[in-house]
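Below is one structure; the comments refer to it alone.
Please read all numbers here as calculations on a predicted model, not as lab measurements. Atoms considered below: every heavy atom in the structure, side chains included; atoms not considered: hydrogens, waters and symmetry mates. Each chain gets a letter, A, B and so on, in the order its sequence line appears, and its residues count up from 1.
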Number of protein chains: 4
Amino acid sequence: MRCRDDEKQQNIKRAVIKLILAEGFHGLSISKIAKEAGVSPATVYVYYENKEAMLYDIYRECGEQIYAYVLGRIDCTSGGERFVESMVQAYYTYIVEYGEEFYFVEQFTSCPALVGKCSGLEGNARIIRLFDELKRKRIIKDLNNQIIAAILFNPVKSIAVKYRQNPDARTVLAELIPVIQEALLAD
Amino acid sequence: MRCRDDEKQQNIKRAVIKLILAEGFHGLSISKIAKEAGVSPATVYVYYENKEAMLYDIYRECGEQIYAYVLGRIDCTSGGERFVESMVQAYYTYIVEYGEEFYFVEQFTSCPALVGKCSGLEGNARIIRLFDELKRKRIIKDLNNQIIAAILFNPVKSIAVKYRQNPDARTVLAELIPVIQEALLAD
Amino acid sequence: MRCRDDEKQQNIKRAVIKLILAEGFHGLSISKIAKEAGVSPATVYVYYENKEAMLYDIYRECGEQIYAYVLGRIDCTSGGERFVESMVQAYYTYIVEYGEEFYFVEQFTSCPALVGKCSGLEGNARIIRLFDELKRKRIIKDLNNQIIAAILFNPVKSIAVKYRQNPDARTVLAELIPVIQEALLAD
Amino acid sequence: MRCRDDEKQQNIKRAVIKLILAEGFHGLSISKIAKEAGVSPATVYVYYENKEAMLYDIYRECGEQIYAYVLGRIDCTSGGERFVESMVQAYYTYIVEYGEEFYFVEQFTSCPALVGKCSGLEGNARIIRLFDELKRKRIIKDLNNQIIAAILFNPVKSIAVKYRQNPDARTVLAELIPVIQEALLAD
DNA sequence: CATGAATGAGCGTTCATTCAT
DNA sequence: TATGAATGAACGCTCATTCAT
């Protein structure tokens, strides 16, 4: 018998991510996905149980990828300032390099109807543990984790979005880093 | 074609906002809207040219409403600390009181396919002018406006979303305010 | 506004009945029905909630029609022999004249998956009451109603089916009537 | 292509018969059959040329089985009354014991679109020959064979269906037997 | 202005069947 | 022989929109 082709599933995943950026969750359809992925609509159902499960699955993959990317590039051993800087840089680089995945996760996350049916990401728990550790070591202030995450990620995100493919972005980022450092790091 | 101040149009608008929260932009349909609003599908087209125009229109209304709400509750005359505090409080209160409108705007905004076809909101320009003025008065640091906005709004937003209807929210908010003040206010 | 067109619903009904005879319940599809009825597939859903409900509805109409037809042509006032004769003739004539409706009901009835979700026909209760009355009057034997109905209807049915459009049918029917009379009538 | 006496083919056959009872001919699909039979969809095509041929084949097997079962249990040597009684008992027992097969044949038979493409069953010819012989021996009346078959089989069938798993069935059957005897047996 | 009817196009999904192993 | 992958076609149904009143 023919064997499950991992490349086909990758094509489908890529098609979904690409189309979501171009047309949003509304405007996404199985037949568009199939056409973009170069397979038959029925083939999609070989790899995913249904559309909803497919989106959850891809969301999970992309969501975890973000955390893995950032966590893999953080420098936690050279003090708080370096920690913030490396985190911001990593997150910004991720958004620039993986824009499509990023926007997929963004749209999915900001839709309560979608994210509400989905359990939290594993990567998020890892970040929280990291924050707790850094607080214990008195590297960052003893703040609510939600606040830390919000200050650390959201401004970078909004700059990355606004300055998409604008060379000034790095300058703005350089301006942002000390602000975050001042806000989060213990004296 | 328009007939503002009509109760029917308000019903339609409310229906859209409610359904978007419950089911997302995907899953929204004219017939669902009509049913929820208690009108005929054809009636929707009396008030809006088509579905897309309807969404843009409602987005614009809701988006401007946020800025109007917050700008109307900011205290700009009692120093930077009070400015930050009043802004955070106003934004948080808005999200709690107008959750449906907030999520509608959030989802719309995070969808490039939608927001890309829409010009910026007027309220955003007013906020930018306010920032510029506060920078000129040396009340807030001379930072990129995108950074200021991101630091001011995004953490509040993520707390409001996470702590939805949780009484601890106000405590967390109180913790957040000094962090933002430290980050943004000129010494 | 445009008004619901009763003729359209009749066309749909006729299309269903015709197609069921030609192709069976399997092989029946909304698009075939729509084509045969000269309407759009979507129009079918103006008149029926869904395919299943449509079939139940048409089944009920056709089923009751059979009972109404036969009950309207029975001669109950001229003794048992005339009763049996008139019943047999009426039922046979119905099958010949309304073959499509008859086969629709037959197929529906013999499918447990379909008929099991459907409550009994009103006409059946009327027939049972008639049997009870005839038994009380000692016109027919005091037999289980199921037996009476089976002897009265099933042989006619199987002859009508086998001799479809064959002129010998009437001869065979004439042969059948006394057999049924002997079987059911009180001495 | 065939490989009779194979357990896989029996599983497929059983799956078809079971599913037809549960869901009707509409609602039957190769993949459901395969799942129920514990084989791959492709395997079905090893044993049957296509879906239609499979149904015809199984119908033929089940149809002949009924005749074989009943003919094997008839007592033709102890007079007409015993003949009718044994026939009724045999047929009833078959329906109770092989309900799934019975309903399969019933549904198939009552669908002109299916049965019309299928030649008559061999068992039917044997029954007809038996009737002719009994008529020649003046055991049963000289009636049209269709009538005999209808009176002999259909009432039993309708009682078996109505009284499915109801202990009263045997009582009703006992009531039916003399009626049939009176109707069919020569004086 | 307001409507329920009407629709062609498209939806997500499953179909019967074939392919490659 | 037996399989899971693969598919174009079709499924039942809903869509955004227009029509006739």
Side-chain angles (χ1 to χ4, degrees), chain A residues 1-6 8-9 26-34 38-55, chain B residues 1-3 6 8-9 26-35 37-55, chain C residues 1-6 8-9 26-34 38-55, chain D residues 1-3 6 8-9 12 26-35 37-54:
Chain A
M1 54 140 180
R2 227 177 297 180
C3 238
R4 211 178 259 237
D5 185 347
D6 224 28
K8 274 206 176 75
Q9 182 157 21
H26 69 284
L28 185 74
S29 82
I30 296 288
S31 60
K32 282 183 192 171
I33 294 166
V39 299
S40 153
T43 304
V44 174
Y45 291 86
V46 171
Y47 295 95
Y48 298 100
E49 202 184 321
N50 53 46
K51 195 190 180 189
E52 206 182 29
M54 179 188 73
L55 293 178
Chain B
M1 172 132 52
R2 293 291 162 71
C3 176
D6 190 328
K8 280 207 172 66
Q9 182 162 23
H26 69 284
L28 186 73
S29 81
I30 296 289
S31 60
K32 282 184 191 171
I33 294 165
K35 198 162 289 173
V39 300
S40 158
T43 305
V44 174
Y45 290 85
V46 171
Y47 294 97
Y48 299 102
E49 202 183 321
N50 55 43
K51 195 188 180 189
E52 206 181 30
M54 179 189 72
L55 293 177
Chain C
M1 56 142 178
R2 230 178 294 182
C3 236
R4 213 180 256 235
D5 185 347
D6 225 28
K8 274 209 176 76
Q9 183 158 21
H26 70 283
L28 185 73
S29 81
I30 296 288
S31 60
K32 284 183 190 170
I33 294 166
V39 300
S40 153
T43 304
V44 174
Y45 291 86
V46 171
Y47 295 95
Y48 298 100
E49 201 183 322
N50 54 46
K51 195 190 180 189
E52 205 181 32
M54 180 188 71
L55 293 177
Chain D
M1 174 138 42
R2 292 290 159 73
C3 177
D6 190 330
K8 279 209 172 65
Q9 183 162 24
I12 292 168
H26 69 284
L28 186 73
S29 80
I30 297 288
S31 60
K32 282 183 191 172
I33 294 165
K35 198 163 290 176
V39 300
S40 157
T43 305
V44 175
Y45 289 86
V46 172
Y47 294 97
Y48 300 102
E49 201 183 322
N50 54 43
K51 195 189 179 188
E52 204 181 32
M54 179 189 71

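No contact: Val44(C) has no heavy atom under 4.0 Å from any strand. Using a 4.0 Å heavy-atom criterion, one finds that Tyr47(C) contacts the sugar-phosphate atoms exclusively. Backbone-only engagement by Leu28(A) is indicated by non-hydrogen atom pairs under 4.0 Å involving sugar-phosphate atoms exclusively. Within 4.0 Å of Ser29(C), counting heavy atoms only, lie sugar-phosphate atoms of the nucleic acid but no base atom. Contact annotation for Ile30(C): backbone-only contact, meaning every heavy-atom pair under 4.0 Å involves sugar-phosphate atoms and none involves a base.
Atom pair Glu52(D):CD and dA16(E):P shows a separation of 12 Å (rounding to whole Å applied). Taking atom CG on Asp5(A) and atom P on dG4(F), their separation rounds to 17 Å, with Å as the unit. Distance, Asn50(C) CG to dG12(E) P: 20 Å, rounded to whole Å. Rounded to a whole Å, the NZ atom of Lys35(B) is 12 Å from the C1' atom of dG4(E). Rounded to a whole Å, the CD atom of Gln9(A) is 15 Å from the C1' atom of dG4(F). Look at NE2 on His26(C): it is 14 Å from C1' on dC15(E), rounded to the nearest Å. As a whole-Å value, the separation of Tyr48(A) OH from dT13(E) P is 14 Å. Atom OH of Tyr45(C) is separated from atom P of dG4(E) by 21 Å (rounded to the nearest Å).
In terms of phosphate contacts, Ser31(D) brings no side-chain nitrogen or oxygen within less than 4.0 Å of OP1 or OP2 of dT14(E). Applying the 4.0 Å criterion to OP1 and OP2 of dA2(F), one finds that Ser40(D) has every side-chain N and O outside that range. For dT17(E), the OP1/OP2 oxygens have no side-chain nitrogen or oxygen of Lys51(D) closer than 4.0 Å. The shortest distance between the side-chain N/O atoms of Lys8(B) and the OP1/OP2 oxygens of dA2(E) is below 4.0 Å. Side-chain N/O atoms of Arg2(C) include none lying less than 4.0 angstrom from OP1 or OP2 on dC19(F).
In this structure, dA16(E) and dT7(F) make a Watson-Crick or G-U wobble pair, each of the two defining distances being under 3.5 angstrom. dT21(E) is paired with dA2(F) under the Watson-Crick or G-U wobble criterion, all donor-acceptor distances under 3.5 Å.
Side-chain contact between Tyr47(D) and Met54(D): absent, with no pair of heavy atoms (C-beta onward) separated by less than 4.5 Å. The shortest side-chain heavy-atom distance between Ile33(A) and Val39(A) does not fall under the 4.5 Å cut-off.
Using modelled atom types, no side-chain atom of Tyr45(B) and backbone atom of Lys51(B) make a donor-acceptor pair closer than 3.5 Å. The closest donor-acceptor contact from the side chain of Arg4(A) to the backbone of Val46(A) lies under 3.5 Å. Side-chain atoms of Lys8(B) do not come within 3.5 Å of backbone N or O of Gly38(B) as any donor-acceptor pair.
The nearest heavy atom of DNA chain E to Pro41(C) and to Pro41(D) marks one nucleotide each, and the one closer to the 5' end goes with Pro41(C). Mapping Met1(A) and Arg4(C) onto DNA chain E by nearest heavy atom places Arg4(C) at the nucleotide closer to the 5' end.
In this structure, the separation between OG1 on Thr43(A) and CG on Asp5(A) is 10.5 Å, given to the nearest 0.5 Å.
With dT3(F), dC15(F), dA6(E) as the candidates, the nucleotide lying closest to the side chain of Ala42(C) is dC15(F).
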